[in-house]
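Working notes, beginning with the structure itself.
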Amino acid sequence: MIRKIIHINEEKCNGCGLCADACHEGAIGMVDGKAKLLRDDYCDGLGDCLPVCPTGAITFEEREAAEYDREAVENNREKAKRKDPAPSFTGCPGSRARQLSGQKRNPAGKDPVKAVNPDTAQPETELRQWPVQIQLAPIQAPYFDQADLLIAADCSAYAYGNFHREFMRGKVTLIGCPKLDPVDYSEKLTQIIKLNEIKSVTVVRMEVPCCGGIGQAVIKALRDSGRFIPWRIITLSVDGNILEG
(Lines give C-alpha, C1' and ligand atoms only; values in the text may rest on other atoms or scores of the structure.)
Protein backbone atom coordinates (compact mmCIF):
# COMPACT_ATOMS: atom_id res chain seq x y z
CA MET A 1 0.00 0.00 0.00
CA ILE A 2 1.07 3.63 -0.52
CA ARG A 3 1.31 5.47 2.78
CA LYS A 4 3.22 8.13 4.69
CA ILE A 5 6.35 6.79 6.37
CA ILE A 6 9.61 8.23 7.67
CA HIS A 7 12.76 8.54 5.57
CA ILE A 8 16.23 8.81 7.16
CA ASN A 9 18.95 10.64 5.26
CA GLU A 10 22.08 8.67 6.17
CA GLU A 11 24.41 11.48 5.11
CA LYS A 12 22.79 13.90 7.55
CA CYS A 13 22.54 11.37 10.39
CA ASN A 14 25.18 11.96 13.08
CA GLY A 15 24.47 8.73 14.94
CA CYS A 16 23.22 10.40 18.14
CA GLY A 17 20.44 7.82 18.56
CA LEU A 18 17.83 10.28 19.84
CA CYS A 19 15.35 9.16 17.18
CA ALA A 20 15.69 5.52 18.19
CA ASP A 21 15.02 6.46 21.78
CA ALA A 22 11.98 8.55 20.78
CA CYS A 23 10.45 5.83 18.58
CA HIS A 24 8.01 4.05 20.88
CA GLU A 25 7.23 1.50 18.18
CA GLY A 26 10.79 0.15 17.88
CA ALA A 27 10.88 0.96 14.16
CA ILE A 28 14.24 2.73 14.33
CA GLY A 29 17.53 1.15 15.40
CA MET A 30 21.20 2.02 15.24
CA VAL A 31 23.17 0.08 12.62
CA ASP A 32 26.89 0.76 12.09
CA GLY A 33 26.56 4.09 13.86
CA LYS A 34 23.60 5.31 11.78
CA ALA A 35 19.86 5.38 12.39
CA LYS A 36 17.93 2.90 10.27
CA LEU A 37 14.24 2.19 9.70
CA LEU A 38 14.28 -1.47 10.69
CA ARG A 39 10.76 -2.44 9.67
CA ASP A 40 8.12 -0.57 7.71
CA ASP A 41 5.27 -2.27 9.58
CA TYR A 42 6.60 -0.93 12.91
CA CYS A 43 6.40 2.71 11.74
CA ASP A 44 3.03 4.32 12.57
CA GLY A 45 3.78 7.41 10.49
CA LEU A 46 3.17 9.82 13.40
CA GLY A 47 6.75 11.07 13.41
CA ASP A 48 7.66 11.24 17.12
CA CYS A 49 11.25 10.90 15.93
CA LEU A 50 11.24 14.06 13.78
CA PRO A 51 11.41 16.80 16.44
CA VAL A 52 14.26 15.15 18.37
CA CYS A 53 16.60 14.82 15.36
CA PRO A 54 19.28 17.54 15.76
CA THR A 55 20.40 17.44 12.10
CA GLY A 56 17.08 17.29 10.26
CA ALA A 57 17.92 13.86 8.85
CA ILE A 58 14.36 12.52 9.21
CA THR A 59 11.51 13.51 6.91
CA PHE A 60 8.22 12.02 5.73
CA GLU A 61 7.76 10.41 2.35
CA GLU A 62 4.91 8.58 0.62
CA ARG A 63 5.86 5.22 -0.85
CA GLU A 64 4.94 1.58 -1.08
CA ALA A 65 5.23 0.21 2.45
CA ALA A 66 3.77 -2.51 4.61
CA GLU A 67 0.77 -1.47 6.68
CA TYR A 68 1.43 -0.50 10.29
CA ASP A 69 1.04 -3.65 12.39
CA ARG A 70 0.14 -2.76 15.98
CA GLU A 71 0.06 -6.41 17.06
CA ALA A 72 3.59 -7.00 15.77
CA VAL A 73 4.78 -3.89 17.61
CA GLU A 74 3.22 -5.05 20.89
CA ASN A 75 4.72 -8.51 20.50
CA ASN A 76 8.14 -6.95 19.90
CA ARG A 77 7.75 -4.81 23.02
CA GLU A 78 6.94 -7.83 25.13
CA LYS A 79 9.97 -9.67 23.80
CA ALA A 80 12.16 -6.66 24.60
CA LYS A 81 10.78 -6.48 28.16
CA ARG A 82 11.52 -10.14 28.78
CA LYS A 83 15.01 -9.75 27.39
CA ASP A 84 15.79 -6.51 29.20
CA PRO A 85 13.20 -5.28 31.75
CA ALA A 86 15.00 -1.93 32.04
CA PRO A 87 15.21 -0.38 28.57
CA SER A 88 18.55 1.23 27.94
CA PHE A 89 19.41 4.27 25.87
CA THR A 90 20.38 3.11 22.39
CA GLY A 91 22.27 6.12 21.06
CA CYS A 92 25.51 7.92 21.78
CA PRO A 93 25.84 8.28 25.58
CA GLY A 94 27.09 11.83 25.09
CA SER A 95 23.81 12.90 23.48
CA ARG A 96 21.48 11.39 26.09
CA ALA A 97 19.37 14.06 27.76
CA ARG A 98 19.81 14.02 31.51
CA GLN A 99 19.46 16.40 34.43
CA LEU A 100 22.42 16.54 36.79
CA SER A 101 20.21 16.94 39.82
CA GLY A 102 22.11 14.50 41.99
CA GLN A 103 25.22 16.64 42.01
CA LYS A 104 25.83 18.86 45.00
CA ARG A 105 25.24 22.51 44.17
CA ASN A 106 26.73 25.59 45.72
CA PRO A 107 24.39 27.77 47.79
CA ALA A 108 23.83 31.16 46.19
CA GLY A 109 26.58 33.58 47.06
CA LYS A 110 28.94 30.92 48.39
CA ASP A 111 32.43 30.43 47.02
CA PRO A 112 32.47 27.13 45.04
CA VAL A 113 36.14 26.57 45.93
CA LYS A 114 36.23 24.53 49.10
CA ALA A 115 39.96 23.81 49.37
CA VAL A 116 42.11 26.13 51.45
CA ASN A 117 45.10 26.11 49.12
CA PRO A 118 44.17 28.05 45.93
CA ASP A 119 46.77 26.11 43.95
CA THR A 120 44.94 22.83 44.62
CA ALA A 121 41.38 24.15 44.76
CA GLN A 122 38.81 22.16 42.79
CA PRO A 123 35.72 24.25 41.96
CA GLU A 124 32.42 22.43 41.55
CA THR A 125 30.79 22.43 38.14
CA GLU A 126 27.68 24.53 37.63
CA LEU A 127 26.47 22.36 34.74
CA ARG A 128 22.84 21.38 35.35
CA GLN A 129 22.09 19.12 32.36
CA TRP A 130 23.44 17.11 29.45
CA PRO A 131 23.94 17.42 26.51
CA VAL A 132 25.16 20.99 26.14
CA GLN A 133 25.71 21.25 22.38
CA ILE A 134 22.82 23.07 20.70
CA GLN A 135 22.82 20.52 17.88
CA LEU A 136 22.45 17.60 20.31
CA ALA A 137 20.02 19.20 22.75
CA PRO A 138 16.44 17.91 22.74
CA ILE A 139 13.66 20.35 21.90
CA GLN A 140 11.79 19.53 25.10
CA ALA A 141 13.19 18.31 28.42
CA PRO A 142 12.17 18.65 32.09
CA TYR A 143 15.17 20.85 32.85
CA PHE A 144 13.91 23.51 30.41
CA ASP A 145 10.81 24.14 32.53
CA GLN A 146 11.08 27.55 34.24
CA ALA A 147 14.74 27.71 33.21
CA ASP A 148 17.03 30.67 32.83
CA LEU A 149 18.76 29.77 29.57
CA LEU A 150 22.44 30.48 28.86
CA ILE A 151 23.42 30.23 25.20
CA ALA A 152 27.17 30.60 24.82
CA ALA A 153 29.82 30.50 22.14
CA ASP A 154 31.77 27.37 22.97
CA CYS A 155 35.13 29.14 23.25
CA SER A 156 33.81 31.76 25.69
CA ALA A 157 34.24 29.39 28.63
CA TYR A 158 37.95 29.12 27.81
CA ALA A 159 38.39 32.87 27.48
CA TYR A 160 36.69 33.73 30.78
CA GLY A 161 38.16 31.98 33.79
CA ASN A 162 35.20 32.37 36.13
CA PHE A 163 32.64 31.26 33.53
CA HIS A 164 30.94 28.60 35.64
CA ARG A 165 30.40 30.77 38.68
CA GLU A 166 29.43 34.03 36.96
CA PHE A 167 27.50 32.84 33.92
CA MET A 168 26.41 29.20 34.34
CA ARG A 169 25.26 29.20 37.94
CA GLY A 170 21.52 28.59 38.13
CA LYS A 171 21.13 28.35 34.37
CA VAL A 172 20.63 25.66 31.73
CA THR A 173 23.61 25.96 29.40
CA LEU A 174 23.69 25.40 25.63
CA ILE A 175 26.81 26.00 23.54
CA GLY A 176 27.71 26.22 19.88
CA CYS A 177 29.98 27.80 17.29
CA PRO A 178 28.18 29.58 14.42
CA LYS A 179 31.34 29.45 12.32
CA LEU A 180 32.02 25.71 12.61
CA ASP A 181 28.49 24.27 12.91
CA PRO A 182 26.85 24.23 9.44
CA VAL A 183 23.34 24.82 10.79
CA ASP A 184 20.94 27.64 11.54
CA TYR A 185 20.61 27.59 15.34
CA SER A 186 17.52 29.79 15.25
CA GLU A 187 15.22 26.97 14.11
CA LYS A 188 15.95 24.70 17.08
CA LEU A 189 16.15 27.57 19.55
CA THR A 190 12.74 28.79 18.36
CA GLN A 191 11.25 25.40 19.19
CA ILE A 192 12.98 25.24 22.59
CA ILE A 193 11.67 28.69 23.54
CA LYS A 194 8.20 28.06 22.12
CA LEU A 195 7.64 24.61 23.66
CA ASN A 196 9.09 25.24 27.13
CA GLU A 197 8.49 27.82 29.86
CA ILE A 198 11.81 29.66 29.54
CA LYS A 199 12.17 32.52 32.04
CA SER A 200 15.11 34.39 30.49
CA VAL A 201 17.87 34.08 27.90
CA THR A 202 21.48 35.19 28.31
CA VAL A 203 23.89 35.05 25.37
CA VAL A 204 27.66 35.03 25.90
CA ARG A 205 29.67 35.57 22.73
CA MET A 206 33.22 36.51 21.78
CA GLU A 207 34.15 39.83 20.23
CA VAL A 208 35.15 38.26 16.89
CA PRO A 209 32.66 39.10 14.08
CA CYS A 210 31.73 35.50 13.22
CA CYS A 211 30.55 34.97 16.80
CA GLY A 212 27.78 37.49 16.22
CA GLY A 213 25.84 34.72 14.52
CA ILE A 214 24.92 33.15 17.85
CA GLY A 215 23.36 36.38 19.07
CA GLN A 216 21.50 36.87 15.81
CA ALA A 217 20.14 33.31 16.02
CA VAL A 218 18.81 33.93 19.53
CA ILE A 219 17.18 37.24 18.56
CA LYS A 220 15.50 35.56 15.57
CA ALA A 221 14.39 32.64 17.73
CA LEU A 222 12.84 34.95 20.31
CA ARG A 223 10.98 36.83 17.58
CA ASP A 224 9.80 33.70 15.78
CA SER A 225 8.70 31.99 19.00
CA GLY A 226 6.25 34.77 19.82
CA ARG A 227 7.44 34.73 23.43
CA PHE A 228 8.28 37.96 25.25
CA ILE A 229 10.97 37.11 27.79
CA PRO A 230 13.97 39.03 29.16
CA TRP A 231 17.21 38.61 27.23
CA ARG A 232 20.67 40.11 27.04
CA ILE A 233 23.94 39.63 25.17
CA ILE A 234 27.35 39.69 26.88
CA THR A 235 30.44 40.15 24.72
CA LEU A 236 33.86 38.93 25.85
CA SER A 237 37.23 40.01 24.51
CA VAL A 238 39.74 37.41 23.37
CA ASP A 239 41.85 38.20 26.43
CA GLY A 240 38.97 37.40 28.78
CA ASN A 241 37.42 40.74 29.65
CA ILE A 242 33.75 41.71 29.52
CA LEU A 243 33.37 44.34 26.83
CA GLU A 244 29.62 44.92 27.05
CA GLY A 245 26.47 43.45 28.48
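All values reported here derive from a predicted model rather than from experimental measurement.
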Discussion item. Determine whether C49 and I6 satisfy the following criterion, side-chain contact (heavy atoms from CB on, under 4.5 Å), listing intermediate values before the conclusion.
Written reply: CA-CA 9 Å; C49 52; I6 65 161; 3.9 Å; yes
Discussion item. Please determine whether side-chain contact (heavy atoms from CB on, under 4.5 Å) holds for the pair L150 and V172, giving the CA-CA distance in whole Å, both sets of side-chain angles, and the decisive distance to 0.1 Å.
Written reply: CA-CA 6 Å; L150 173 66; V172 169; over 6 Å; no
Worksheet item: Passes side-chain contact (heavy atoms from CB on, under 4.5 Å), I151 versus I214? Steps please.
Response: CA-CA 8 Å; I151 301 174; I214 202 163; 4.1 Å; yes
Discussion item. side-chain contact (heavy atoms from CB on, under 4.5 Å) for F167 and T202? Distances and angles first, verdict last.
Written reply: CA-CA 9 Å; F167 297 133; T202 300; 5.7 Å; no
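Grouping the Ile, Leu, Val, Met, Phe, Trp and Tyr side chains by contacts below 4.5 angstrom, directly or via other members, places I2 apart from Y42. Under the 4.5 Å side-chain contact rule for hydrophobic residues, Y158 and V203 do not share a cluster. Neither L18 nor V31 shares a network with the other; the hydrophobic side chains, linked directly or stepwise wherever heavy atoms of I, L, V, M, F, W or Y lie under 4.5 Å apart, form separate groups for each. Criterion: ILVMFWY side-chain heavy atoms under 4.5 Å apart, direct or through other members. Under it, V208 and L180 are not part of a common hydrophobic cluster. Both W231 and I229 belong to a single network of hydrophobic side chains, linked directly or stepwise wherever heavy atoms of I, L, V, M, F, W or Y lie under 4.5 Å apart.
Between atom CG of residue D41 and atom CZ of residue R70 there is a gap of 13.0 Å, rounded to the nearest 0.5 Å. Residue I193 holds its CD1 atom at 7.0 Å from CG of L149, rounded to the nearest 0.5 Å. Separation of atoms CG (L195) and CG (D145) is listed at 12.5 Å; rounding is to 0.5 Å. To the nearest 0.5 angstrom, K194 atom NZ is 11.5 Å from Q140 atom CD. The structure places SG of C211 at 7.0 Å from CE of M206, a figure rounded to the nearest 0.5 Å. In this structure, T59 OG1 and L50 CG are separated by 7.0 Å, a value rounded to the nearest 0.5 Å.
Using a 4.0 Å cut-off between charged nitrogen and carboxylate oxygen, D32 and K34 do not count as a salt-bridge pair. Between D44 and K4 there is no salt bridge, since none of the side-chain N atoms of the basic residue sits less than 4.0 Å from a carboxylate O of the acidic one. The pair K220-E187 does not count as a salt bridge, with every side-chain nitrogen at least 4.0 angstrom from each carboxylate oxygen. Checked for salt-bridge contact, E25 and R77 meet the test: a charged N lies under 4.0 Å from a carboxylate O.
V218 has its side chain out of reach of I233: every pair of non-hydrogen atoms, C-beta onward, lies at least 4.5 Å apart. Using a 4.5 Å heavy-atom cutoff, the side chains of Q133 and L174 are not in contact. I234 places none of its side-chain heavy atoms less than 4.5 Å from the side chain of E244. Annotation: side chain of W130 is in contact with side chain of V132 (closest heavy-atom distance under 4.5 Å). No side-chain heavy atom of L243 sits less than 4.5 Å from a side-chain heavy atom of L236.
Within 6.0 Å of atom CZ in R63, more than 12 heavy atoms from other residues, nucleotides or ligands are found, so the atom counts as buried in its surroundings. For CD of E61, the number of neighbouring non-hydrogen atoms (other residues, nucleotides, ligands) closer than 6.0 Å is greater than 12. The number of heavy-atom neighbours closer than 6.0 Å to CD of Q146, taken from other residues, nucleotides and ligands shown, is above 12. Around atom CZ of F60, more than 12 heavy atoms belonging to other residues, nucleotides or ligands sit under 6.0 Å away.
Closest of all the heavy-atom pairs between K188 and I134 is CD-O, 3.1 Å. What you find for V52 and A22 is that their closest heavy atoms are CG2-CB, 3.8 Å. The heavy-atom pair separating A217 from Y185 by the smallest distance is CB-CB, 3.8 Å. Here the shortest heavy-atom pairing between V201 and L222 reads CG2-CD2, 4.2 Å. Residue F163 comes nearest to S156 through the heavy atom pair CE1-OG, 3.4 Å, listed as atom of the first residue, atom of the second, then distance. Between K171 and R128 the shortest heavy-atom distance is O-CD, 2.7 Å.
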Distance-only donor-acceptor hits, side chain of residues 8-16, under 3.5 Å, sequence neighbours excluded:
from	atom 1	to	atom 2	distance (Å)
N9	OD1	E11	N	2.9
N9	OD1	K12	N	3.3
E10	OE1	K36	NZ	2.4
N14	OD1	C16	N	3.0

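Under 3.5 Å, the side chains of D181 and Q135 contain a donor-acceptor pair of N or O atoms.
A donor-acceptor contact shorter than 3.5 Å is absent between the side chain of R205 and the backbone of G213. The backbone N or O of E166 lies less than 3.5 Å from no partner atom in the side chain of Y160, so there is not a single donor-acceptor pair. Checking side-chain atoms of N75 against main-chain N and O of E71 turns up a donor-acceptor pair under 3.5 Å. Looking at H164, its side chain does come within 3.5 Å of a backbone N or O of E126 through a donor-acceptor pair. The closest donor-acceptor contact from the side chain of N241 to the backbone of S237 lies at 3.5 Å or more, if one exists at all. Q191 places no side-chain N or O within 3.5 Å of a backbone atom of I139 that could act as its donor or acceptor partner. A donor-acceptor pair under 3.5 Å is absent between the side-chain atoms of E67 and the main chain of D69, judged by distance alone. Under a 3.5 Å cut-off, the side chain of T190 and the backbone N or O of S186 do form a donor-acceptor pair.
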